[in-house]
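Every chain is numbered from 1 and lettered A, B, ... according to where its sequence line falls, protein lines coming before strand lines.
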Number of protein chains: 2
Amino acid sequence: MTDPAPTPDTAADLPARSRREQIYDVAGRLFSERGYHATSMRDLAGELGMQGGSLYAHISSKEDLLVEIVQSAAQQFDEALFTLRELPLPADQKLREAMQRHIRVIADNMESATVFFHEWKHLSPAAYGRVTAWRDTIDTFYRDLLTQGIAEGTFRPDLDVKMAANLILSAVNWAYTWYRPAGSLTPRDVAEGYADMLLAGLRSPEVP
Amino acid sequence: MTDPAPTPDTAADLPARSRREQIYDVAGRLFSERGYHATSMRDLAGELGMQGGSLYAHISSKEDLLVEIVQSAAQQFDEALFTLRELPLPADQKLREAMQRHIRVIADNMESATVFFHEWKHLSPAAYGRVTAWRDTIDTFYRDLLTQGIAEGTFRPDLDVKMAANLILSAVNWAYTWYRPAGSLTPRDVAEGYADMLLAGLRSPEVP
DNA sequence: CCTACCGATCGGTAGG
DNA sequence: CCTACCGATCGGTAGG
């Protein structure tokens, strides 16, 4: 929350970036593999070759780790999608681009994404509220995109916008459960494949 | 695991069904709300108006609660989908029916479904393996359905079966995050809405 | 960053 | 189903 960005590295804030970031990285991995409550601070310290108590020279609390991980994931989604908002693209192309970016954020942050989807209920009320608000924002983004597409004539006029947004969000979010960065599919492959199916449908074209 | 099914209710297995089932029900609720590791046996006992230690007159361990909840969820999916396998329906209708049943299982068991998707990583290796195998089975079910539909001519011949199955599974599984049984949408509404969009596509029909 | 420690809480058991 | 308890482990701190 209180990011020490303004002050550069001086003797005053010695504990240093690098170690702090290592801690957050390893915490993200352990939280995603074992869950927040099943990860002890001693587990975390052990992975970094230090004693449990030593962590507190770099961080303030266990919950702060969770808040930071979840928040930074949310921020990445935000950045990816909201630079898209006012782009002058037809709605179907914009949808393709949005899905691609959305999946890419997940693919590039599989651990944080898993923590985000599984552990956000353990946040303090304040952080919890922020995440809930953020979810609504993403939802609204996709609904607006669909509404725009209907107005344009790109999407069917009888589309149920709420349900279509749900379907799209299901597709992109669920990727955190199965996507493997080491596999052969790029986020672009997945997004294009999904978008093709969503836009044209699974049914065989009429052969008149 | 060792289900006492063969022996009916006798004086020998006194502790009784009802109380046992209450425990499993409340455990399902608490595990879904707070997560497995954040729920203590004393929390659970408190909700049932008893002391922590008293639970062990009815159950054997905390992990057994988790195993049972996850397993019974898996079993419900199995029953819902596998009675569908050999039904002589065109693939698109079978897909509609499968999605409807899949979503209904989630809708009727929101708590178990949440535990299933979030807490299965905390299972012992044996139970973990069973759940993984089960996931593959469900995946195969949808892929076979799609393959059948292509062979029939119902689905496009150029369909990527693996990706299409992923898309369908994303849609139905993600329902556990947003569906509200008290809301106005029935599982049938959701499944039909999704199937309509998936089969025909979002794009506006050509107006020749 | 370590040693040594704090009070609290954990899952589970004994004995009734 | 309760009381009383077990050893283990938790997040976090003091003092260096």
Handout entry: salt_bridge(A:E68, A:R20) N-O dist < 4.0 Å
Key = yes

Exercise for the section: Assert yes or no for the condition that the ring centre distance of A:Y176 to A:H118 is strictly below 6.0 Å. Expected result: yes

Problem - Outermost DNA chain C nucleotides near chain B [under 4.0 Å, heavy atoms] - result: C:dC10 to C:dT13

Practice task
Convert the base pairs of DNA chain C into dot-bracket notation, remembering that pairs crossing earlier ones are written with [ ] and that bases paired across to another strand are shown as |; include only Watson-Crick or G-U pairs under 3.5 Å.
Solution key: ||||||||||||||||

Handout entry: Test: B:R29 and B:E47 ion pair at under 4.0 Å
Key = yes

Handout entry: 5'-most by nearest nucleotide on DNA chain D - B:S54 or A:R42
Key = B:S54

Exercise for the section: Name the nucleic acid region contacted by A:G53, choosing base, sugar-phosphate or nothing; use a 4.0 angstrom heavy-atom cut-off, strictly under. Expected result: base

Handout entry: Over-ring placement of A:K62 relative to A:Y36, 6.0 Å and 45° cut-offs
Key = yes

Completion exercise
Walking DNA chain D from its 5' end, the first of A:S40 and A:S60 to be reached, judged by nearest nucleotide, is A:S40

Problem - Cationic N near anionic O, under 4.0 Å, A:R96 to A:E192 - result: yes

Practice task
Please check if atom CZ in A:R188 has more than 12 non-hydrogen atoms from other residues, nucleotides or ligands closer than 6.0 Å.
Solution key: no

Completion exercise
Contacts satisfying salt bridge (charged side-chain N to carboxylate O under 4.0 Å, His left out) that involve residues 135-149 of chain B (not counting sequence neighbours) are B:R85-B:D144, B:D139-B:R143

Practice task
Could you tell me whether B:Y194 and B:W174 have their ring centroids closer than 6.0 angstrom?
Solution key: no

